[in-house]
Q: 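Starting off with a structure, shown below.
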Amino acid sequence: MVPTRTRNHNGHVLFFDDTTILFDPGEGTQRQMTLAGVSATDLTRIAITHLHGDHSLGLAGVAQRLSGDQVRHTVPISFPASGQEWVRHLLDASAYDHHERVALQPVAFRAGAHAGAAGADGEARDGAVPRAVLTRVDGERGAGPGAPVLTARPLEHRVDAVGYRLDEPDGVSLDPEALAAAGVPSGPAVGRLLRDGVVTLDDGRTVRRDAVSVPRQGQSVAFVMDTRLCDAVLALADGVDLLVVESTFLHRDAELAARWAHLTCRQAAVVASRAGVRHLVLTHFSQRYRVPDELPDGFEREAREVFDGGLTVAADLDRVPLPPRPRAGRAR
């Protein structure tokens, strides 16, 4: 992939509470971050799916930005383990003072592990797909209790590649009406109730958290770049609130997609439909398509043939909100 007059290389930033992940910093990412109002200090992790240049050449500039801004927390960098030599070269691509605090976190799977072979209809074929949990590192920001968990699975591309998924643990939310009915005042009492699960009021009554709370299902985001259709794509996308996925080709060019190990727009949309994705973000488009009748219009039409959820055909500097949580009934 090459930049065009209207589209930069890859570079996707996910803001999720105290977690801010930069996925696949392609060429020009540092400038795109400036245009988007994203600072180096915001970043808590860099996650690279594979070491093709349009997904990684910007790492050199971003690392030097971390150094120049003297970011004080540690920023882990995850990537397929076979790409470690290229990652090291990118981090040392030119002379600078090296004030950055990064921790390399290569993602490896046991010998013989594979992503599985999904059928053309998007149905899984080969059962369980290997999964790696990205552990927290010393000095990483946003690593407290209840923090979301990042996992990776192997994809099928022309070089080693992984897809990522971020999952927030399930929890509870306090119900304002139930709090008021129980006489719990706003302020420190609410904090103690959340922290300890129980609070004693000034009148001596005890209120338990489960009596004034509702279940809160954790939210999830998947990031799937260059890959053939495979079981891992479905596993990563399963039930997520937001799926960011490559759709390099329209389905009329499915032969090209197979040759270069990419997804078509229709394949990505079928995955989203079968996986129950709430919002689908299509990205990573071939420069062969005409603007606007093929891109974005043709991609939107093709996706809508099979997917009726939220849909974004991404353009540079778009901001896509995570879908709001479904409302839950109060626990009894």
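On a predicted model such as this, the values are computed, not experimentally measured, just so you know. This chain uses plain numbering: 1 for the first residue, then up along the sequence.
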Q: Please determine whether the number of non-hydrogen atoms from other residues, nucleotides or ligands lying under 6.0 Å from atom CG of D196 exceeds 12.
A: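 More than 12 within 6.0 Å, yes.
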Q: How far apart are the closest heavy atoms of R165 and L236, and which atoms are they?
A: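 Taking R165 first and L236 second, the nearest heavy atoms are NH1-O, 3.0 Å.
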Q: Checking side-chain polar atoms at under 3.5 Å, does T227 have a donor or acceptor matched by the opposite partner on H157?
A: no
Q: Closest approach of C265 and A303, non-hydrogen atoms and distance?
A: SG-N, 3.8 Å
Q: Please determine, by modelled atom types, if D226 and H52 share a side-chain donor-acceptor pair under 3.5 angstrom.
A: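 There is no such pair (donor and acceptor under 3.5 Å, judged by atom type) between the side chains of D226 and H52.
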Q: Check this for me: does any side-chain nitrogen of one of R325 and E168 sit under 4.0 Å from a carboxylate oxygen of the other?
A: yes
Q: Looking only at heavy atoms, which two atoms of H9 and V2 are closest? And how far apart?
A: NE2-CA, 3.9 Å
Q: Could you please spell out the steps behind the salt bridge (Lys or Arg N to Asp or Glu O under 4.0 Å) verdict for R252 and E294?
A: CA-CA 12 Å; R252 71 184 190 217; E294 292 180 318; 2.4 Å; yes
Q: For L43 and V75, work out which heavy atoms get closest and say how close.
A: O-CG2, 3.7 Å
Q: Report the C-alpha separation of L322 and Q219 in whole Å, then their side-chain angles, then the decisive distance to 0.1 Å, and conclude whether the side-chain contact (heavy atoms from CB on, under 4.5 Å) test is met.
A: CA-CA 9 Å; L322 196 64; Q219 293 189 287; 3.4 Å; yes
Q: Return yes if a side-chain donor-acceptor contact under 3.5 Å exists between H251 and Q267, otherwise no.
A: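 Per modelled atom types, H251 and Q267 side chains form no pair under 3.5 Å.
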Q: Any salt bridge linking D69 with R65? Criterion: basic side-chain nitrogen under 4.0 Å from a carboxylate oxygen.
A: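 Judged by the 4.0 Å cut-off on N to carboxylate O distance, D69 and R65 do form a salt bridge.
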Q: Less than 4.0 angstrom from a charged side-chain N to a carboxylate O is my criterion; do R7 and D316 meet it?
A: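 No.
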Q: Go through the steps to decide whether F223 and F23 satisfy the test ring-ring contact (aromatic ring centres under 6.0 Å, His included), and finish with yes or no.
A: CA-CA 8 Å; F223 187 81; F23 291 100; 4.4 Å; yes
Q: Take a 6.0 Å sphere around CG of D18 and say whether it holds more than 12 heavy atoms from other residues, nucleotides or ligands.
A: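 Check fails, neighbour count at 12 or below.
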Q: Does the ring center of H98 lie less than 6.0 Å from the ring center of Y96?
A: yes
Q: Do you know which two heavy atoms are closest between H50 and S56, and how far apart they sit?
A: O-CB, 4.3 Å
